[in-house]
Amino acid sequence: MDSKPTTPAPVEEQITPTQPASAQPARPVATLPPHIEPVDAPGEAGERVTGEAPQELLDAILDDAASRTGLDRSELIIVQDEAVVWPDGSLGCPEPGMMYTMALVHGYHVIVRAGEQELDYRTGRNNFFTLCEKPLPFKLIEPPSS
């Protein structure tokens with residue numbers, strides 16, 4: 001009896017194809033962690049906090065807002081500059097197709113009124129800011145104690 005080494009049968013990998021970008025929803029559906037409570041959009045509920053962001057960050061944001069709107073900086077009003085803890089690296093403003101760190105991010109939420117519009121800026125502590133055009137409405141609350 002010849003004993004030939006046997007090769008195991010190939011295992012078929014089950015690969016799930018991903019949807020093309022055009023078939024994906026225009027905006028991701030976010031599930032908020034248990035310590036975040038959804039609320040109305042900014043300006044519709046609660047009081048706004050000011051005086052917490054560093055001045056050099058506010059100056060850079062005001063320069064950006066003036067450039068985007070064509071208004072003079074003296075016509076812009078900071079209606080909110082608040083220290084916050086964002087639920088993840090998207091800073092509460094995820095973009096479709098992007099991946100973000102799933103860790104709490106300390107930063108600032110700055111809202112600038114430019115005429116009739118409000119510009120919603122989000123930052124981390126690194127003073128890098130982004131204009132959020134489609135913010136997710138939420139309110140940060142204290143995490144439950146362990």
I'd like to know if the side chain of W86 reaches the main chain of C93, judged simply by a donor and an acceptor atom lying under 3.5 Å from each other, with no hydrogens or angles considered. no
Polar side-chain atom of S67 near backbone of D63 as donor-acceptor pair, under 3.5 Å: no
Donor-acceptor pair, distance only, cut-off 3.5 Å: does the side chain of D88 make one with the backbone of A103? no
Can you list everything that forms a salt bridge (Lys or Arg N to Asp or Glu O under 4.0 Å) with D64? Sequence neighbours excluded, please. R68
Cluster companions of M98 among Ile, Leu, Val, Met, Phe, Trp, Tyr (side-chain spacing under 4.5 Å): Y100
Between the main-chain N or O of L91 and the side-chain N or O of R122, is there a donor-acceptor pair closer than 3.5 Å? yes
How is the hydrophobic cluster of I78 composed, in terms of its other members, when Ile, Leu, Val, Met, Phe, Trp and Tyr link through side-chain heavy atoms under 4.5 Å apart, directly or indirectly? L57, L58, I61, L62, L71, L76, Y108, V110, V112, L119, Y121, F129, L131
Contacts of D59 that satisfy side chain to side chain donor-acceptor pair (under 3.5 Å) - sequence neighbours left out: Q55, R73
Contacts of E116 meeting side chain to side chain donor-acceptor pair (under 3.5 Å) (sequence neighbours excluded), chain-then-number -> none
Sequence neighbours excluded, the answer for side chain to side chain donor-acceptor pair (under 3.5 Å) partners of S74 is D72
How about D120 and H109: does a side-chain donor come under 3.5 Å of a side-chain acceptor? yes
Can you give me the closest heavy-atom contact between T69 and A114, atom names plus distance? CG2-CB, 3.7 Å
Heavy-atom side-chain proximity of E118 to V79 below 4.5 angstrom: yes
E52 side chain to A83 backbone, donor-acceptor under 3.5 Å: yes
By side chain to side chain donor-acceptor pair (under 3.5 Å) - contacts of N126 (at least two apart): none
